[in-house]
Each structure stands twice: as structure tokens, then as C-alpha cells.
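Everything on this sheet refers to the single structure shown next.
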Amino acid sequence: MSHPQVALESTVIAHGLPYPQNVETALRLEAQIRAQGAEPRTCGFVQGRPIAGLTPDQITHFGRDKQVIKASLRDISIVAARQLDAATTVATTMWIAHRAGIDVFVTGGLGGVHRGQDYDESADLTALATLPVLVVCAGAKAILDLPRTRERLETLGVPVIGYGVDELPAFYTRSSGLPVDARCDSPAEVAAIWQAHKTMGLHTGMLLTVPVPPEHELPAAVAEEAIHTALAAAQAQGVRGKALTPFLLSAIAATTGEASLQANLALLQNNARVGASVALALSE
Ligand code: PSU
Ligand code: MN
């Protein structure tokens, strides 16, 4: 491999974090990756075109303007035909990264199987099952049904690596009680497994899960309480489908305030650092 590149998503900017912290964060993640000697490529759809490498002005537009929709896999054709501006989820960022020849993609939290009675499973899992991209994240958020999400990853053949940990992180907290498939303690170890994944001709994605830095971890009870409140509000208001994840994220931010925002920002920055180091290891 030649030139180290790191893809980034834009749904976290447009629908996952408040303005102006979202735009500041997106630009800070890019700066972190550049400082390590890799090239950041924030992804999105601009007037229906898939872009790997939004400009700072485009990132600001995504963070500020409410008409930028959230696009997952089922939205790609509609967004393209209607020439819409759309933020990319983990699923659609993987799709753009793969088309652009980028192996490493950094994000905060993965979508998965939702809790509750109605069956709702993120297309992030479909993308992981079908697109060979290494996704660096802090695990799946505990708003999800983590044991079911973990089982689905296994069924779909997606290797789950823990970075310096033996358990799958749960986004706001460092552990979930669920095992990873392998632990790696250096970028070179991760790079070796990813290279083997490609050499073996596998077409699935791979997850590199990195726990939130300890000083920014939320107490598990605080996270769980906020999640329960958010899920109850979603139920009461009948929120479902693509609106559910953004609704839950903002409800949690509203109850836990600064602490969850700081945890979210800290883990994104840390994931960017780890992702860039893996991209560099792959280019050696
Ligand atoms: N988790 C977060 N922040 C986010 C998301 C997930 O902590 O912004 C976004 C990601 O873009 C993810 C998407 O791909 O939510 C999943 O949405 P859905 O469940 O509708 O597939
Ligand atoms: Mn869904």
C-alpha cells in the first residue's frame, strides 16, 4: 500500500452531535490524522455525488444545515437520482471508502440490533457483512441490544478485535461483558490481521474496537439510567426507523449533559489517533 488514508463519517456531524461542537470535532479529527502523517477523508453525498474528502466548507454545511439528510444503504439511489446533500452513516461511509480504495475508517459508535419489541437492525451490519473495510469504533452504543449485536457480527463473519482490551467496549463505558475475537496491543498487530483478511480473499469488514479513555468513561449506572429514560421517551413518542438512533443520542445528551458529550468527543479523538496509526502501519 502506498499512501495512508483514513475515511471518516458525516452522520455523527450532521445528526450525532450538536452544532458547533460537531464541526469543530470533525475538523479536529482531520487535524489529528494529518498530524500523524495520514490523509483524512470525511465522506458524504454532495448534490447526489459520493465524496471521499469533504472540504472544510462542506463539513460546516453538513454540521449546520438541517436539510442535510441521513443516508444509509437503502438511500443511496434516491440521494443520487435526486441530487441531495446527505450525511453518511457507518454503512454508507464504508461503501464510499471501499469505492475510493480506502481501507481504514474511523467513527465513534456502530449501529446494530436495537432493543425493544419491534425488530430494528442497522444496515451498518449489512455493510460490515459485504464491504471489506476496517472500521475503528468504540463498540456499539449501549442503546442497542449488545448481546444480539455481538451474535449478529459472528453470524455475518465479521472479526471483532479489541484494542488493548479483551471485552467489547460499550461506547460510553469501557466494557460490556462480551468477548472480542482477538486482542491487539499495537497497530502492527492489527495491520497483520487486516492484511491476512485481505490475503484470504474475505469480503467482509472487520471491527477494531477501542474503549473510551478511562478519564472520560461515564459511570455505568449513569449511562444505563440515561439509556432507559431515552428508550422510554422514544417508545412514548412512537419514534422509529431512521429517526430512532439520532433521537436516542440527543435524549441521552440531554440527560447526561456535558459528561456524555465529553466522552463522545474524547473517544472520537482517540479512535482517530488509533486509526491513523493503523493506516500508517498498513502503508509500511
Ligand atoms: N452511534 C453514535 N453516534 C452516531 C451514530 C451511531 O454514537 O452518530 C450514527 C452512525 O452514523 C451510525 C448510525 O452508522 O448512527 C446508525 O443509524 P441506524 O441505527 O439508523 O442505522
Ligand atoms: Mn434502524
Side-chain angles (χ1 to χ4, degrees), residues 7-19 21-23 25-26 29 42-45 62-63 68-76 86-97 105-129 131 133 135-146 148-149 152-153 158 168-173 176 205 207 209-212 216 218 223 226-227 230-231 234 238-253 256 260-271:
L8 296 149
E9 66 152 300
S10 47
T11 290
V12 65
I13 307 171
H15 302 279
L17 291 170
Y19 179 81
Q21 283 99 332
N22 54 1
V23 173
T25 302
L29 297 180
T42 301
C43 297
F45 288 90
F62 273 53
V68 176
I69 64 168
K70 166 183 162 185
S72 194
L73 295 179
R74 51 99 187 268
D75 302 300
I76 295 173
T88 50
T89 61
V90 169
T92 35
T93 306
M94 288 179 73
W95 181 78
I96 292 180
F105 158 35
V106 164
T107 184
L110 184 72
V113 183
H114 279 272
R115 298 192 199 182
Q117 331 227 302
D118 294 337
Y119 197 71
D120 180 351
E121 176 175 326
S122 175
D124 291 356
L125 296 180
T126 312
L128 280 162
L131 295 165
V133 174
V135 180
V136 184
C137 67
K141 203 169 264 187
I143 56 171
L144 299 170
D145 186 324
L146 292 183
R148 285 204 168 85
T149 301
R152 289 294 289 145
L153 288 165
V158 177
L168 186 68
F171 198 83
Y172 293 125
T173 57
S176 63
L207 277 185
T209 61
V210 185
V212 60
H216 292 286
L218 285 194
I227 289 161
L231 288 167
V239 180
R240 36 203 310 191
K242 74 192 282 184
L244 183 59
T245 297
F247 177 91
L248 293 174
L249 299 181
S250 70
I252 289 169
T256 57
S260 69
L261 183 60
Q262 288 314 319
N264 207 335
L265 301 184
L267 67 85
L268 279 164
Q269 195 74 28
N270 192 45
N271 292 352

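Read the numbers this way: they start at 1 and go in the same order the structure lists the ligands and their atoms. Note that the structure is predicted; figures quoted are calculated from it, not measured.
Side-chain contact between Pro246 and Lys70: present, with at least one pair of heavy atoms (C-beta onward) separated by less than 4.5 Å.
The proximity of His114 to ligand 1, defined as any non-hydrogen pair under 4.0 Å, is limited to the side chain. When heavy-atom distances to ligand 1 are checked against a 4.0 Å cut-off, Val90 comes that close through both its backbone and its side chain. The backbone and the side chain of Thr89 each have at least one atom closer than 4.0 Å to an atom of ligand 1 (non-hydrogen atoms only). Contacts between Leu249 and ligand 1 below 4.0 angstrom, taking non-hydrogen atoms only, involve the side chain exclusively.
In plain terms, the two heavy atoms of Thr42 and Glu9 that are nearest each other are CG2-O, 4.0 Å.
Near Gly109, with a cut-off below 4.0 Å to any heavy atom, the atoms of ligand 1 are 1 (N), 6 (C). Remark: ligand 1 atoms within the under-4.0 Å shell around heavy atoms of Gly16 are 8 (O). Less than 4.0 angstrom separates some heavy atom of Phe171 from each of these atoms of ligand 1: 7 (O).
In this structure, the separation between CG on Leu207 and SG on Cys137 is 5.0 Å, given to the nearest 0.5 Å. Note: Thr88 OG1 to Met94 CE = 12.0 Å, rounded to the nearest 0.5 Å. From Leu144, atom CG reaches atom CZ of Phe171 across 10.5 Å, with rounding to the nearest 0.5 Å. Interatomic distance, Arg148 CZ to Leu153 CG, rounded to the nearest 0.5 Å: 14.0 Å. Put simply, OG1 on Thr25 and CD1 on Ile13 are 9.0 Å apart, with the number rounded to the nearest 0.5 Å. Rounded to the nearest 0.5 Å, atoms NE2 (His15) and CZ (Phe247) are 16.0 Å apart.
The protein atom (non-hydrogen) at minimum distance from atom 2 (C) of ligand 1 is Lys141 NZ, 3.5 Å. Ranking protein heavy atoms by distance to atom 11 (O) of ligand 1, first place goes to Glu9 OE1, 2.7 Å. What sits closest to atom 20 (O) of ligand 1 on the protein, heavy atoms only, is Lys70 NZ, 2.7 Å. For atom 21 (O) of ligand 1, the nearest non-hydrogen atom of the protein is Ser122 OG, 2.6 Å.
Which of Leu17, Val12, Val113 comes nearest to atom 8 (O) of ligand 1 through a heavy atom is settled by distance: it is Val12. Evaluated by nearest non-hydrogen atom to atom 16 (C) of ligand 1, the leading choice among Leu144, Asp124, Thr11 is Asp124. Ranked by closest heavy atom to atom 18 (P) of ligand 1, the top entry among Thr245, Leu248, Asp120 is Thr245.
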Practice prompt. Verify side chain to side chain contact (heavy atoms under 4.5 Å, CB included) between His114 and Thr245, making sure each step is shown before the conclusion.
Written response: CA-CA 9 Å; His114 279 272; Thr245 297; 3.3 Å; yes

Item to complete: Please step through side chain to side chain contact (heavy atoms under 4.5 Å, CB included) for the pair Ile227 and Arg115, ending with a clear verdict.
Response: CA-CA 11 Å; Ile227 289 161; Arg115 298 192 199 182; 3.8 Å; yes

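The N, O or S atom of Asp120 with the smallest distance to the Mn ion (ligand 2) is OD1.
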